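Right, one structure below, let's go through it.
None of the values given here were measured: they were computed from a predicted structure. We count ligands from 1, going down the list as the structure has it; atoms in each ligand are counted the same way.
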Amino acid sequence: MPSPSVSSPMMDAFEVRGRATLSGEVVVSGAKNSALKLLAAALLTEGTTRLERVPDIADVAAMVAVLEHLGVTVDRDGDTLNCSVGPGVGDETPPHLVRQLRASIVVLGPLLARHGRARVAQPGGCDLGNRGIDLHLQGLQQLGATITLEDEAIVAQAPPGGLVAGDFELPYASVGATENLLMAAVCARGTTVIGNAAREPEIVDLAGMLQAMGARITGAGTEEIRVEGVPVEDLRPVTHRVVGDRIEAGTYATAGALCGGPVTVRGVDPSHLRLPLAKLAETGAEVDTEPGAVTVQRTRGLRAVDVATLPFPGFPTDLQPQLTVLLTQAGGVAMVTENVFDGRFRMLDELRKPGADLELQGHHALVRGPSSLRGATVQATDLRAGAALVLAGLVADGVTVVCGASHIERGYADLPGWLCALGGDVRRVGVDVAVPVGAHT
Ligand code: UD1
């Protein structure tokens, strides 16, 4: 008889057979972190915006649900999304959808620009530690918006004549705050200057689409972005192809370094991965680039390298867990410093289960390698940690079960499919997990 205090729900998981040798080619999708913001940007103008190369992932589905709630019709045709925006788009997003996708906070900027008002549910809980939105709100206030915080919602209201341009020096180069501010500023009267702006390729992608729509933007990709406001009626819908996903690409490139290779990753601009590729090369992996592709292989033992995450062009926090797994296979002691999200190191407890030698010291992790990993049941603590644990499973002895596959599916269109195509053995399974009644799974 099962204990009355324990239930056994099925949990989605990836089962990974270890000691894999991977080689072959992967074609990455459009970038998740760009597609989500481009979808929000479609709200700025009436008509049908066509987004090509949109990844088929859960986060995109969640953003589409937010747009649909606002009254936008979204049709998928292969990897193209047609977003038809009518005159009567709403200005409120509901809590259950915003909780599913924190990034949906970026509808605030375009809704304010278009309607002069937005009521967006508070993002609430988070999986990466402290993730504020104070900078988003301060920036919008600088454009004349009045922000009222209610229990469950943020209400933003533009002044009677619409948003007015302003200068805002971001205290930290936040990606989301830069994007929200950029989309709000597109129709603000006058010229807005965003200082210490985020420089990620996804910002350049968003600015490119906004420019094609009729916005006047200079400096995207540098630390100072200038936006000369245009009347909202001057914006028009466009067709835009999403930039390649550098994080997905970096994940497969790291798999190549872990599991022999050569693994060729196509559909990414190698200049978006300069530092991650330099770090792979520093470990001793062989890295070759050509326009639109990267090839990585491992022909000798790996050595430890130190790494610290920083906003672009620094080492991306979204590739830190994957590199940490690689470093468990490198000889020596590596110091990994996480400067962006304090919750990232939650993965370390999971990575210890298969036998990694890790020591946490504040926002530094010491990784001692090489370690012989053995199959274990681990939990994906977030999207990138989940992908990294799958990589760990590929080099472990035996079978690794990574619970929480849905975390990984938020950002990877078909991680098991691509890894199997490279010669790995990764499949989605349901596992029975015994959890105390009432505990969160
Ligand atoms: C985006 C990416 C995420 C990536 C991150 C950093 C999307 C959907 N997500 O997240 O995958 O890891 O960039 O490259 O594009 N912060 C504040 N106040 C704010 C805004 C941010 O304190 O108003 C802090 C956050 O808590 C965090 C840091 O700044 O510690 C970085 O956040 P930010 O650059 O805004 O990342 P996101 O846009 O949330």
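His363 NE2 to Thr309 OG1: the interatomic distance, rounded to the nearest 0.5 Å, is 9.0 Å. Summarising the geometry, atom CG belonging to Leu319 is positioned 7.5 Å from atom CZ belonging to Arg384; distances are rounded to the nearest 0.5 Å. For the atom pair CZ of Phe168 and CD of Gln138, the computed distance is 4.5 Å after rounding to the nearest 0.5 Å.
Checked against a 3.5 angstrom limit, the closest N/O atoms of Leu36 and ligand 1 fall outside it. Residue Leu135 has at least one N or O atom closer than 3.5 Å to an N or O atom of ligand 1. For Phe341, no nitrogen or oxygen atom sits less than 3.5 Å from a nitrogen or oxygen atom of ligand 1, counting backbone and side chain alike. Not one N or O of Ala103 is nearer than 3.5 Å to an N or O of ligand 1, by distance alone. When only interatomic distances are considered, the shortest N/O to N/O separation between Asp134 and ligand 1 falls below 3.5 Å. By the 3.5 Å distance cut-off applied to N or O atoms, Asn33 is counted among the residues near ligand 1.
Near Arg344, meaning under 4.0 Å from any of its heavy atoms, are these atoms of ligand 1: 12 (O). Every atom of ligand 1 with a heavy atom of Thr317 under 4.0 Å away is listed here by number and element: 6 (C), 12 (O). Near Tyr172, the atoms of ligand 1 lying under 4.0 angstrom from a non-hydrogen atom of the residue are 28 (C), 29 (O), 31 (C). The atoms of ligand 1 that sit less than 4.0 Å from any heavy atom of Gly176 are 35 (O), 38 (O).
Under the 3.5 Å distance criterion, with hydrogens and angles disregarded, no donor-acceptor pair is assigned to the side chains of Gln320 and Gln322. With hydrogens and angles left out, the side-chain atoms of Thr48 and Ser84 include a donor and acceptor closer than 3.5 Å.
Other residues, nucleotides and ligands place more than 12 heavy atoms under 6.0 Å from the CD atom of Glu224.
Residue contacts with ligand 1 for Glu338 are absent, since no atom lies close enough (heavy atoms, distance under 4.0 Å). Heavy atoms of Val175 found under 4.0 angstrom from ligand 1 belong to the backbone as well as the side chain. For Val340, heavy-atom contacts with ligand 1 shorter than 4.0 Å involve the backbone as well as the side chain. At a 4.0 Å heavy-atom cut-off, ligand 1 does not touch Phe312 at all.
When atom types are taken as modelled, the side chain of Asp245 and the backbone of Ser29 share no donor-acceptor pair closer than 3.5 angstrom.
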Considering only distance and modelled atom types, tabulate donor-acceptor pairs under 3.5 Å from the side chains of residues 210-219, sequence neighbours left out.
from   : atom 1 : to     : atom 2 : distance (Å)
Gln211 : NE2    : Ile217 : O      : 2.6
Arg216 : NH1    : Glu228 : OE2    : 3.2

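Atom 15 (O) of ligand 1 has its nearest heavy-atom neighbour, among Lys37, Glu179, Arg102, in Lys37.
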Yes or no on side-chain hydrogen bond (donor to acceptor under 3.5 Å, both in side chains) for His115 and Asp91, after CA distance, side-chain angles and deciding distance?
-> CA-CA 7 Å; His115 295 296; Asp91 56 15; 5.4 Å; no
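Each of Arg344, Arg102, Arg346 was evaluated against Asp382; a single residue qualifies, Arg344, per the salt bridge (charged side-chain N to carboxylate O under 4.0 Å, His left out) test.
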